[in-house]
Structures are given as C-alpha cells and as structure tokens.
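Here the structure comes first, spelled out in structure tokens, and everything after it is commentary.
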2 protein chains.
Amino acid sequence: MSADVLTIGEAARRTGVSAKMIRWYEATGLLPPAARSEAGYRHYGEADLHTLRFIRRARDLGFSVGAITDLLALWRDRARPSAGVKAIAQEQITDLRRRIAELEGMARTLEHLADACCGDDRPECPILDDLAAADRGPARRRLAGGFARRGLVRGGT
Amino acid sequence: MSADVLTIGEAARRTGVSAKMIRWYEATGLLPPAARSEAGYRHYGEADLHTLRFIRRARDLGFSVGAITDLLALWRDRARPSAGVKAIAQEQITDLRRRIAELEGMARTLEHLADACCGDDRPECPILDDLAAADRGPARRRLAGGFARRGLVRGGT
DNA sequence: CTTGACCTTCCCATGATGGGAACCCCCATC
DNA sequence: GATGGGGGTTCCCATCATGGGAAGGTCAAG
C-alpha cells in the first residue's frame with residue numbers, strides 16, 4: 001500500500017472520527033464512497049483526512065449532520081458567498097441559545113428547590129412537594145419566590 | 001364507568017402526559033400496570049393522575065426516567081430522608097450545568113466566528129476557515145478548557 | 001503456517017417521543 | 001338493529017448519532 005494511503009483505522013486515529021462513524025457518514029451520503037483496495041479495504045488520502053477533520057470540528061460545534069452537509073458543499077465551492085455560511089452558523093447559534101435557556105431554566109428552578117431542602121434524615125422535602133404539587137394548571141403558583149412555572153421552563157429565558 | 005375513573009385519553013388531557021407516553025411508562029415499569037375494564041381499556045383514578053403530574057413535572061425539570069423512578073419511590077416512602085431526594089436533585093443540577101457549559105462553549109466560539117464573517121457575497125469566510133483548519137491534530141485538541149469533549153453534547157431536551 | 005490485529009458487512013441498542021396501521025369497543029343517532 | 005365516529009388496543013417504524021458485537025475475510029510478522 002503506497003505511503004500516503006491509510007486504512008480506515010488509521011484515518012480514524014488521525015482525525016478523531018471513529019471508524020464506525022466514517023462508515024456511517026459514507027453510508028448516509030455525507031461522505032462520497034471511499035476508494036477501495038482489491039480486498040475491499042477503504043483507503044483514505046490527505047484530502048479525505050482534511051474532510052474528516054472538518055466534519056469532526058463541525059460536530060464539536062454542535063452542527064447536525066444535515067447542516068454539515070450544507071457546510072461541506074459551501075466549503076468545496078470556492079465561489080460561495082460567505083452569507084450562506086454565516087446564515088447556517090447563525091441558525092446554529094440561535095438553536096444553541098434556545099437550548100441553553102431551556103436548561104438554564106431547569107437548573108435555576110432545581111437550585112432554588114435544592115436550597116430549600118435540608119437534605120437530612122427527616123422526610124420533609126420541598127423538592128418532592130414541588131413535584132407533587134397538583135395545582136400546576138393555569139398560571140398561578142403559590143410557591144414563594146416566583147420560580148419557573150411550566151411554560152417558562154420549556155420556552156424562554 | 002363510574003364517575004371517578006378515566007380513560008387514558010382523558011388522563012392524558014388532564015396531566016399533560018400523552019397517551020402514548022403513559023403506555024410507554026407502564027411498559028417500561030415506571031408506572032405499575034393500570035387497572036383495566038372488561039374490554040381491556042386502561043382506567044385511571046385520582047391517585048394515578050397525581051403520579052402522572054409528578055412525572056410530567058419531573059420531566060419538565062429534565063430528570064431522566066431512571067431518576068424519576070427513584071424520585072417516585074422516595075415520594076411514596078413517607079419516611080424517606082430528604083437527603084436522598086436532594087442528592088438526586090443535585091446530580092441533576094450538576095448534569096444540567098455541565099451541559100450548559102458545553103453548549104455555551106460552542107455558542108461562544110460560533111459567535112466569535114460569525115462576528116468575523118462579513119456574510120456578504122464574497123467567498124472569504126472565517127467560519128469555513130476555522131472548520132477547515134488542519135492544525136487540530138488527534139490527541140491534542142487545544143480546546144481542552146471548556147468545550148465539547150464529546151459526549152452529551154447533543155442531549156436534546 | 002499460525003497468530004493476532006485489522007478490515008468487511010450486518011444486526012441491535014440507546015432515550016424519549018411521535019406516527020401510523022390494523023383492529024376492537026362504546027355510544028348516540030337514524 | 002344498523003351505522004358512524006371517536007377512541008381505545010397492540011405492534012412496528014423513525015428519529016439522531018453513536019457504540020457494541022458477531023461472523024468471516026485479509027494482511028503482516030514471527
């Protein structure tokens with residue numbers, strides 16, 4: 001095997017994308033079919049490694065495979081308008097911010113509840129009391145402190 | 001059917017847990033098997049609704065079904081030490097904070113990149129340049145600090 | 001030639017959720 | 001009594017990206 005051609009395992013080691021994932025990316029069309037040896041082994045060259053590192057980096061930034069498909073197409077198109085790339089990035093930022101706000105709401109509510117819970121061997125527990133509170137219908141809570149009510153927790157800041 | 005017994009659809013409407021999910025919770029053991037009519041319809045009473053609302057609220061706070069199993073057991077045990085509940089809540093808080101930090105790292109990186117990208121019809125694009133940067137070799141991701149170390153990056157809601 | 005590391009494909013599981021098919025049941029209305 | 005509609009039942013499939021593992025072929029070193 002010539003010096004600049006690697007097996008899938010080597011490519012995986014050098015790019016941080018597992019061999020399993022490389023095959024899956026190929027199967028689903030994110031990557032074009034790899035070159036094969038006579039015995040059927042996949043072979044990867046420098047350009048392939050470059051693409052794999054691109055994918056890995058994009059995954060690390062939370063992009064979905066669908067978004068990466070678009071990013072790769074733009075990357076390969078040397079005449080692309082950067083506006084297209086920026087739009088994808090901004091969608092991703094919006095999505096990340098939305099998810100962060102959601103988790104933040106949950107975390108804050110739980111922190112309030114945990115603060116109010118002694119955490120000793122007595123059974124009184126504001127956390128369970130909150131979970132069990134039956135009157136969580138319409139907008140009205142009597143839990144002191146103005147915690148996240150349903151709807152705020154899931155939705156916004 | 002006596003007045004205080006509801007079908008699964010009614011129970012779903014009154015608790016915010018979908019009928020599908022109620023069946024699934026039962027199938028996986030989070031809920032005990034529901035009472036059945038002669039024709040095989042599931043029946044739910046007030047206590048069941050209470051439990052379902054408990055589950056719904058816990059899901060809204062991001063608890064996994066596994067954690068909810070534990071919380072339900074503690075809820076039903078009137079002699080439980082609140083320390084057990086608090087410990088579960090704190091694990092959840094830790095997990096939420098970790099996920100938030102991960103997403104926050106991605107968002108900040110992307111925001112920097114997007115800020116540096118003109119987003120016009122010219123092809124120059126710092127976002128693609130970053131994704132394509134080849135100097136991000138295997139074992140050394142210099143992002144070590146706060147970012148996406150692979151894992152629950154995409155943990156959805 | 002054997003051994004062991006590596007490759008191939010294929011199937012299965014994850015977690016929580018929804019969609020939909022095929023079929024049964026109940027009640028009200030004609 | 002027949003019929004229709006709405007809702008129940010079970011079962012299978014899809015998501016999204018990932019890993020685990022089995023069965024079998026390949027390659028290089030000893």
Nearest-Å distance, [atom1] ([X]) to [atom2] ([N])?
X       : N      : atom1 : atom2 : answer
B/Ile22 : D/dT10 : CD1   : P     : 13 Å
B/Arg56 : C/dA16 : CZ    : P     : 15 Å
A/His43 : D/dT26 : NE2   : P     : 13 Å
A/Lys20 : C/dC11 : NZ    : P     : 13 Å
B/Glu38 : D/dG8  : CD    : P     : 18 Å
A/Leu30 : D/dA17 : CG    : P     : 10 Å
A/Ile55 : D/dA17 : CD1   : P     : 12 Å
B/Asp95 : C/dG15 : CG    : P     : 14 Å

Does OP1 or OP2 of [N] have a side-chain N or O of [X] closer than 4.0 Å?
X       : N      : result
A/Ser18 : D/dT18 : no
A/Arg23 : D/dT18 : no
B/Arg59 : C/dG15 : no
B/Thr7  : D/dG8  : yes

Counting only side-chain heavy atoms from C-beta out, which of [options] sits nearest to [X]?
X       : options               : answer
B/Tyr41 : C/dA16, D/dG8, C/dT8  : D/dG8
A/Arg13 : C/dC6, C/dC24, D/dT10 : C/dC6
B/Trp24 : C/dT17, D/dT9, C/dT9  : C/dT17
B/Met21 : C/dC7, C/dA16, C/dC26 : C/dA16
B/Arg36 : D/dA17, D/dT26, D/dT9 : D/dT9

Original post:
In which stems does DNA chain D show up, taking only runs of three or more Watson-Crick or G-U wobble pairs whose two distances fall under 3.5 Å?
Top reply: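 Paired runs of 3+ in DNA chain D: C:1-30 with D:1-30.
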Original post:
Does B/Arg36 CZ have over 12 foreign heavy atoms under 6.0 Å away?
Top reply: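 More than 12 heavy atoms, drawn from other residues, nucleotides or ligands, come within 6.0 Å of this atom.
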**OP:** Grab the two heavy atoms, one from A/Leu30 and one from A/Thr69, that are nearest each other, plus how far apart they are.
**Re:**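 Reported closest heavy-atom pair: CD1-OG1, 3.6 Å.
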**OP:** Of all the heavy-atom pairs spanning B/Ala12 and B/Ser18, show the shortest one and how long it is.
**Re:**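 Closest pair (atom of B/Ala12, atom of B/Ser18, distance): CB-C, 4.0 Å.
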Contact check, side chains of [X] and [Y], non-hydrogen atoms, under 4.5 Å:
X       : Y       : answer
B/Val85 : B/Trp75 : no
B/Pro33 : B/Glu26 : yes
B/Ile68 : B/Tyr25 : no

Original post:
Hey, is A/Asp60 close enough to A/Arg57 for a salt bridge, meaning N to O under 4.0 Å?
Top reply: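 Not counted as a salt bridge, because no side-chain N and carboxylate O are separated by less than 4.0 Å.
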Original post:
Checking side chain to side chain contact (heavy atoms under 4.5 Å, CB included) for the pair B/Thr94/B/Arg98: CA distance, chi angles, key distance, verdict?
Top reply: CA-CA 6 Å; B/Thr94 301; B/Arg98 188 181 45 68; 5.6 Å; no
Original post:
Which part of the nucleic acid does B/Phe63 contact within heavy-atom distance under 4.0 Å: base, sugar-phosphate only, or nothing?
Top reply: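 No contact.
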